[in-house]
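Note that the numbering runs from 1 along the sequence shown for the chain. Atoms within each ligand, like the ligands themselves, are counted from 1 in listed order. Because only heavy atoms are used, hydrogens play no part in the values below, and waters and symmetry mates are left out as well, while side chains stay in. What you are looking at is a predicted structure, and each value in this text was computed from that prediction instead of being measured.
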Amino acid sequence: MDALTALHTRSSANILTEPAPTARQLDNIIKAALRACDHRSLKPWKFLLIDGNARQKFGELMVNVKSSADGKELEPNLAAKIKSKPMRAPTIIAVVAAIQEHEKVPTIEQVLSAGAAAQMMMVAAHAQGLGAIWRSGSMMFRREMLEGLGLAPTDQIVGFVYLGTPKVVKPIPIVDVSEFLERWDGIQ
Ligand SMILES: Cc1cc2nc3c(=O)[nH]c(=O)nc-3n(C[C@H](O)[C@H](O)[C@H](O)COP(=O)(O)O)c2cc1C
């Protein structure tokens, strides 16, 4: 698939099954992430691969984080639902902005760079025929989640890229570029 086709046809896949991305496909995905725009080349990124049994442990971590956010033990049904969330794909990559103190590059630019890395991963997955979806949730903003993933308190999770084989391929909506692009030609 050529680059413009990949960029123009990427879509998210909610349901992802085996086979998981191969080591080579994962390598290509991370290589693409590492070409995200990056002010002053800080490389303010960390990527955590969560697959196999680690997904169960990640589910348990999600339950613990939610329970600590709610200040109580979760009802068994809710706990089971949350615990199973990481099983929605064979492979997950947590995308993290590893924020550095920098006089010229504020936190927002580093978070944007990590977001750009996540988007590059999404397109690299699609270009290789994989399915992917970028997921988030309030839990990723909690200190307990950073701790559970072994991240630094200054890190910020920008999302979880779920990867696998798509069950359904969504049709791509037709877009009218002119709805989003307007020419600005001077002070109004
Ligand atoms: C920062 C961010 C967080 C997101 N979090 C979720 C999420 O938690 N759950 C979800 O279903 N979609 C989430 N999405 C949206 C999907 O990744 C996806 O973009 C959306 O479903 C639209 O589908 P499309 O990418 O095929 O246009 C998020 C997107 C972004 C950019």
Side-chain angles (χ1 to χ4, degrees), residues 1 3-17 20-21 25-26 29-30 32-33 35-38 44-51 55 58-66 69-70 74 78-99 106-142 144-146 148-149 151 155-177 179-181:
M1 192 185 296
L4 275 182
T5 304
L7 286 161
H8 293 172
T9 61
R10 182 210 63 79
S11 70
S12 303
N14 275 309
I15 306 173
L16 295 160
T17 57
Q25 286 171 325
L26 274 179
I29 287 169
I30 299 302
R35 289 309 312 140
C37 298
D38 170 18
W45 320 299
K46 289 181 189 171
F47 306 101
L48 296 179
L49 177 64
I50 303 169
D51 60 0
R55 290 172 304 160
F58 183 42
E60 284 159 22
L61 173 62
M62 282 173 135
V63 170
N64 292 340
V65 174
K66 171 79 175 141
D70 290 1
L74 304 185
L78 179 61
K81 190 175 163 200
I82 292 175
K83 194 175 164 198
S84 69
K85 280 181 185 279
M87 306 313 288
R88 290 176 294 181
T91 302
I92 302 168
I93 300 178
V95 182
V96 181
I99 306 299
T107 296
I108 178 73
E109 292 193 358
Q110 298 181 46
V111 173
L112 285 168
S113 180
Q119 186 71 31
M120 295 285 264
M121 292 164 72
M122 296 292 301
V123 180
H126 172 59
Q128 298 181 96
L130 293 163
I133 183 162
W134 179 342
R135 295 189 184 276
S136 54
S138 55
M139 275 182 258
M140 76 182 195
F141 303 111
R142 307 254 342 155
E144 299 90 336
M145 178 59 86
L146 293 176
L149 290 175
L151 294 167
D155 288 340
Q156 293 189 32
I157 299 167
V158 299
F160 299 100
V161 173
Y162 282 57
L163 294 159
T165 302
K167 238 185 171 169
V168 183
V169 178
K170 275 195 309 200
I172 308 299
I174 297 168
V175 290
D176 177 359
V177 171
E179 274 183 35
F180 295 92
L181 178 69

So if I count the atoms of ligand 1 from 1 in the order they appear, which ones are less than 4.0 Å from some heavy atom of K170? 23 (O), 24 (P), 26 (O)
Quick one: does R10 get a heavy atom under 4.0 Å from ligand 1? yes
Between H126 and T9, does a side-chain contact (heavy atoms from CB on, under 4.5 Å) hold up when you go through it step by step? CA-CA 8 Å; H126 172 59; T9 61; 2.7 Å; yes
Taking G159's backbone N and O only, do any of them form a donor-acceptor pair with S136's side chain (distance below 3.5 Å, no angle check)? no
Would you mind running through ligand 1 and noting each atom that sits below 4.0 Å from a heavy atom of I133? 17 (O)
Nearest heavy atom to atom 22 (C) of ligand 1: which of A118, A132, S12 does it belong to? S12
I157 side chain reached by L149 side chain, heavy atoms, under 4.5 Å: yes
Protein heavy-atom partner closest to atom 29 (C) of ligand 1 - residue, atom, separation in Å: W134 O, 4.0 Å
Donor-acceptor pair, R142 side chain versus M139 backbone, under 3.5 Å? no
Out of R88, K85, R135, who gets a non-hydrogen atom closest to atom 9 (N) of ligand 1? R135
Any donor-acceptor pair under 3.5 Å linking the side-chain atoms of W134 with those of S12? no
Pair Q119, R10 - check side-chain contact (heavy atoms from CB on, under 4.5 Å), show working. CA-CA 10 Å; Q119 186 71 31; R10 182 210 63 79; 3.4 Å; yes
Under 4.0 Å from one or more heavy atoms of S11, ligand 1 contributes atoms 26 (O)
Out of S138, S136, A13, who gets a non-hydrogen atom closest to atom 3 (C) of ligand 1? S136
